[in-house]
Amino acid sequence: MKPYNILIVGVGGQGILLASRVIGTAALKENYDVKVSEVHGMAQRGGSVVTHVKLAQKVYSPLIEKGEADLIISFEQLEAFRWAPYLRKEGTLIVNTQKINPMPVIIGNAQYPKEIIPKLKDHFSHVHDIDAFGISKQIGNTKAVNTVLLGVSAHFIDLQKESWYSTLQEVIPPAHLDMNIKAFESGYNHISTI
Amino acid sequence: MRRLMLGNEAIARGAYEAGVTVACAYPGTPSTEIMEYMAKYEDIYSEWSPNEKVSLEVAIGASLGGARALCAMKHVGLNVAADPLFTISYTGINGGLVIVVADDPGMHSSQNEQDSRYYARFSKVPMLEPSDSNECTAYVKKAFEISESFDTPVLVRLTTRIAHSQSIVGLHEKSNYTLKNYDKNLSKYVMIPSNARVRRVEVEKKMDRLYTYADTVDINTLQWGSKDIGIITSGVSYQYAKEAFPDASFLKLGMVHPLPEKTIQEFAAQVQTLYVIEELEPFIEDQIKKMGIPVQGKNLLPIIGELNVQILKEKISEEPPTPTLTLSESIPVRPPVLCPGCPHRAVYFILKKLALHVSGDIGCYSLGALPPMEAMDTCICMGASVSAVLGMEKAQGPDFAKKSVAVVGESTFIHSGITGLIDIVYNKGNSTILILDNSTTGMTGHQDNPTTGFTIKGEPTKQIDLIALCKAVGVDRVQVVDPFDLPELERIICEETSASEPSVIIAQRPCVLLKGIALNPPLYVNEEKCKNCGACLKLGCPAMESLGTHVKINEAVCRGCGLCIPTCKFNALEKVGEANETV
Ligand SMILES: Cc1ncc(C[n+]2csc(CCOP(=O)(O)OP(=O)(O)O)c2C)c(N)n1
């Protein structure tokens with residue numbers, strides 16, 4: 001059972017908590033020790049948020065240190081850039097190409113960095129950029145960005161297909177389940193070539 | 001059965017397994033979810049209390065009434081509840097009483113970083129500190145045992161990383177606690193001086209017994225490894241230390257007050273270098289030093305903010321940090337913002353326009369202090385807006401009052417703003433109070449409160465009538481306005497600030513994040529009409545940006561609230577098709 005550290009980052013309100021809970025619950029089914037450190041409170045009002053998910057035989061600290069994430073799932077470009085120092089050199093970065101301007105950019109006190117994805121690709125060899133917002137819009141629900149990204153991440157997290165599906169069934173309310181399964185599969189199929 | 005649980009959920013689970021039947025809290029990050037999970041247990045009476053003092057007093061009443069009772073709050077909540085705490089330590093309890101307090105090192109969502117462990121010493125109450133979710137459940141049960149065997153309330157301290165981390169919890173059966181009889185016992189429960197003096201002696205006896213107990217209790221554990229390094233630690237610091245120094249010897253404290261002095265002496269005698277690893281203040285370290293034992297701690301580690309594995313490695317074993325990507329480019333910060341569609345934005349837009357002095361308070365509306373609004377001048381503690389605006393008037397004179405308002409959320413107003421309002425009326429102030437009534441306790445994640453008409457269990461209940469309440473305390477001028485009606489809001493604020501008597505303006509519009517609130521399609525900018533004058537950007541809406549030639553609306557962020565429409569002289573902000581798709 002190899003330790004595996006996942007950082008999920010984005011903007012408060014994007015549905016990051018659901019994603020981390022799905023991964024944590026699925027990993028529990030496969031007898032990992034699991035810790036998921038979440039952010040509640042003020043940052044959920046549009047601030048930069050980060051959730052740490054750690055899987056191993058035995059997990060102590062709930063936090064991932066800089067340079068120790070095996071996978072970063074970023075819901076937004078700038079946040080991928082901000083948290084990139086947490087990724088191992090050989091780690092994988094999944095980045096939703098969506099951009100959400102932070103207030104200093106909106107009011108002209110700062111610039112949104114340009115060419116983030118090429119710059120990330122210069123540093124890391126496993127960067128996957130995906131328009132998860134576009135995909136979830138196609139499916140007909142712009143709220144499904146998180147499940148699309150989970151679908152992509154399923155390629156990199158060593159868990160059985162059944163664990164993912166049974167967890168989605170447990171965690172997602174029945175009324176939204178079909179749509180979310182579709183979103184998960186669209187994400188998964190998006191990079192089926194690797 | 002094993003389940004992944006948030007520390008807060010595990011606390012609720014522990015209370016359930018301990019047979020708790022009465023549970024109370026006022027919300028506050030990072031403690032809020034405790035009561036939210038508690039309320040899911042059907043046969044446990046749970047409540048959102050109006051504030052922490054009331055909450056603890058209800059729990060005390062339940063304990064004296066023979067039930068096992070639990071009360072939860074954030075660290076600053078314990079300041080509010082400190083009054084009953086210090087005296088319940090004297091009276092002792094009947095049914096077990098556990099008070100959970102959640103500290104916020106690093107101030108993720110708090111106005112200060114106080115270390116609640118000092119409350120345990122100060123009030124002479126034992127305190128336990130779990131280091132993961134499984135211990136949250138186990139220690140709450142232990143706390144009830146201690147409470148009943150030592151006739152004392154027991155504090156359980158969490159920090160953000162324990163409260164808000166999920167880890168695996170083993171579930172157990174609910175215990176068969178049976179309600180105790182209520183016995184009248186005046187000398188024990190009536191703390192008039194003659195009785196209190198007697199109980200005061202009992203408190204010291206209790207603490208003596210607890211000091212002895214601390215050396216035997218099974219939640220203080222010794223883990224022998226290399227004897228070169230010995231580490232005394234508790235809570236989340238234990239997890240960091242264990243990861244940083246897996247080979248060291250550990251004395252892990254599950255009980256942080258009182259300390260197991262004999263055990264500490266024995267441990268210290270066997271290790272070469274002794275470290276205390278604790279977040280925030282040198283609470284354990286100072287006591288060990290007082291015992292005459294040399295120890296390393298805050299001479300190496302920070303007193304401010306959270307610890308982590310990297311800090312421990314760098315400061316204690318002087319390991320260089322793992323080399324990581326360093327970005328040459330500066331990355332804009334992303335502070336929290338008022339949500340798109342937030343009713344508070346409209347209020348600050350007008351307050352800023354009128355250049356008023358704004359005595360502020362705590363809630364989502366505190367975000368009005370950030371750019372571009374910067375329209376809230378103060379934020380101290382809950383309720384302070386209302387009382388401080390009176391103080392400002394008494395300092396600066398009545399003309400100042402005509403240029404000032406206090407802003408306070410409806411939950412905060414009920415928590416502790418109402419007493420300030422009574423002061424204004426009683427002491428002849430002229431203040432104008434703006435109650436920002438968004439139908440929910442927003443900042444802490446949308447809890448019901450006495451103004452919403454629903455209990456924590458979602459049951460309909462009597463809804464406090466804010467207008468009648470303000471009138472009843474003697475405010476004759478009370479007006480209600482929809483803050484999205486900007487001209488009307490401006491007119492009313494001008495009218496009320498110029499009146500030479502107290503007034504209350506209730507700005508009423510529900511939080512956009514509430515269930516059942518109509519979500520409109522995003523607006524768009526007619527690029528031909530837009531002159532890029534920047535008027536709409538003054539709203540500080542996260543959905544808008546200037547592209548240099550014109551403004552653009554981010555469709556993924558805009559909630560179609562339409563607040564920006566009247567800010568544009570050129571009618572460039574337009575709605576797509578018909579609005580009002582309910583989700
Ligand atoms: C004594 C104390 N208890 C709890 C909190 C946590 N807290 C901060 S703001 C707030 C309530 C906010 O609700 P409301 O006043 O309705 O404003 P809103 O966030 O809805 O705008 C709470 C519970 C605190 N800061 N201090």
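Reminder, nothing fancy here: chain letters follow the sequence lines and each chain counts from 1. Not measured: the values here are computed from a predicted model.
- Interface remark: I162(B) contributes no atoms to any contact with chain A (heavy atom separation under 4.5 Å).
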Practice prompt. Would you please test E76(A) and R334(B) for salt bridge (charged side-chain N to carboxylate O under 4.0 Å, His left out) and show each step?
Written response: CA-CA 12 Å; E76(A) 201 269 351; R334(B) 189 186 296 278; 3.0 Å; yes

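- Here the CD-CD distance, from E33(B) to E38(A), works out to 8.0 Å after rounding to the nearest 0.5 Å.
- By the neighbour-count criterion of 12 heavy atoms within 6.0 Å, atom NZ of K182(A) is sparsely surrounded, having that number or fewer from other residues, nucleotides or ligands.
- Looking only at heavy-atom pairs under 4.5 Å with chain A, the residue among H164(B), R161(B), H108(B) that has the most is H164(B).
- The 12-atom threshold is exceeded at NZ of K352(B), counting heavy atoms of other residues, nucleotides or ligands nearer than 6.0 Å.
- Side-chain atoms of R21(A) do not come within 3.5 Å of backbone N or O of L4(B) as any donor-acceptor pair.
- Contacts of Q111(A) with chain B are made by backbone atoms alone, with heavy-atom separations under 4.5 Å and no side-chain atom involved.
- Counting heavy atoms of neighbouring residues, nucleotides and ligands inside a 6.0 Å radius, atom CG of D158(A) does not exceed 12 of them.
- In the displayed structure, E115(A) atom CD is contacted under 6.0 Å by at most 12 heavy atoms of other residues, nucleotides or ligands.
- When each of E79(A), E68(A), Q14(A) is scored by its heavy-atom pairs under 4.5 Å with chain B, the top score falls to E79(A).
- Contact annotation for Q44(A): neither backbone nor side-chain heavy atoms come within less than 4.5 Å of a heavy atom of chain B.
- Heavy-atom pairs under 4.5 Å with chain A peak, among V236(B), V309(B), N554(B), at V309(B).
- Of the two parts of Y86(A), neither the backbone nor the side chain holds a non-hydrogen atom closer than 4.5 Å to a non-hydrogen atom of chain B.
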Practice prompt. For the pair V53(A) and Q166(B), evaluate side-chain contact (heavy atoms from CB on, under 4.5 Å) and give the outcome as yes or no after the intermediate values.
Written response: CA-CA 9 Å; V53(A) 183; Q166(B) 299 196 53; over 6 Å; no

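- Of all heavy-atom pairs between P113(A) and E329(B), the closest is CB-OE2, 3.1 Å.
- Looking at R3(B), only its backbone comes within 4.5 Å of chain A, counting heavy atoms on both sides.
- Both the backbone and the side chain of S48(A) come within contact range of chain B, with heavy atoms under 4.5 Å apart.
- Contact of K114(A) with chain B is made through the backbone alone, with heavy-atom distances under 4.5 Å.
- E545(B) is not listed as a side-chain neighbour of K99(A), based on a closest heavy-atom distance of 4.5 Å or more.
- In terms of non-hydrogen atom pairs under 4.5 Å with chain A, the most contact-rich of G442(B), P332(B), S167(B) is P332(B).
- Ranked by heavy-atom pairs shorter than 4.5 Å toward chain B, the options N109(A), L63(A), L87(A) are led by L63(A).
- Both the backbone and the side chain of I100(A) come within contact range of chain B, judged by heavy atoms closer than 4.5 Å.
- Other residues, nucleotides and ligands contribute at most 12 non-hydrogen atoms within 6.0 Å of the NZ atom of K137(A).
- Heavy atoms of C541(B) lying under 4.5 Å from chain A belong exclusively to its backbone.
- Contact check for K35(A) versus S165(B): no side-chain heavy atoms found under the 4.5 Å cut-off.
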Item to complete: Would you sort out whether M42(A) and T29(B) count as a side-chain contact (heavy atoms from CB on, under 4.5 Å), showing the intermediate values?
Response: CA-CA 8 Å; M42(A) 199 156 214; T29(B) 314; over 6 Å; no

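- When heavy atoms are compared at a cutoff of 4.5 Å, K58(A) does not approach chain B at all.
- Interface remark: N141(A) contributes no atoms to any contact with chain B (heavy atom separation under 4.5 Å).
- When side chains are defined from C-beta on, P104(A) counts as touching P335(B), because their heavy atoms get closer than 4.5 Å.
- Using a 4.5 Å cut-off between heavy atoms, F81(A) touches chain B through backbone and side chain atoms alike.
- Atoms CD1 and CE, on I107(A) and M373(B) in that order, are 10.5 Å from each other to the nearest 0.5 Å.
- Here the straight-line distance linking atom CG of D33(A) with atom CD1 of I168(B) works out to 4.5 Å at 0.5 Å rounding.
- T324(B) and K66(A) get closest at one heavy-atom pair: CG2-C, 3.7 Å.
- Under the 4.0 Å criterion applied to side-chain N and carboxylate O atoms, E243(B) and K54(A) are assigned as salt-bridge partners.
- Smallest separation of non-hydrogen atoms from M103(A) and P371(B): CG-O, 3.5 Å.
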Item to complete: Mind running side-chain contact (heavy atoms from CB on, under 4.5 Å) on R45(A) and L513(B) for me, showing each step along the way?
Response: CA-CA 10 Å; R45(A) 300 284 167 270; L513(B) 301 184; 4.0 Å; yes

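- The greatest number of non-hydrogen atom pairs below 4.5 Å with chain B, out of T142(A), V105(A), L78(A), is found for L78(A).
- Between chain B and the residues G67(A), G108(A), P62(A), the most heavy-atom pairs under 4.5 angstrom are made by P62(A).
- Between S61(A) and N308(B) the shortest side-chain heavy-atom distance does not fall below 4.5 Å.
- Residue M443(B) touches chain A through both its backbone and its side chain, counting heavy-atom pairs closer than 4.5 Å.
- Annotation: the span from L325(B) atom CG to D122(A) atom CG amounts to 10.5 Å, rounded to 0.5 Å.
- For chain B, the nearby parts of V34(A) are the backbone and the side chain; heavy atoms of each come within less than 4.5 Å.
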Discussion item. I'd like to know whether H40(A) forms a side-chain contact (heavy atoms from CB on, under 4.5 Å) with L6(B), so could you lay out the CA-CA distance, the side-chain angles of the two residues, the decisive distance to 0.1 Å, and finally the verdict.
Written reply: CA-CA 11 Å; H40(A) 298 255; L6(B) 217 51; 4.2 Å; yes

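- Only the side chain of V557(B) comes within contact range of chain A, with heavy atoms under 4.5 Å apart.
- Contact annotation for D132(B): only side-chain heavy atoms (C-beta onward) come within less than 4.5 Å of a heavy atom of chain A.
- Most heavy-atom pairs under 4.5 Å with chain A: of the set V333(B), L370(B), L367(B), this distinction falls to V333(B).
- The number of heavy atoms from other shown groups lying within 6.0 Å of NZ (K315(B)) does not exceed 12.
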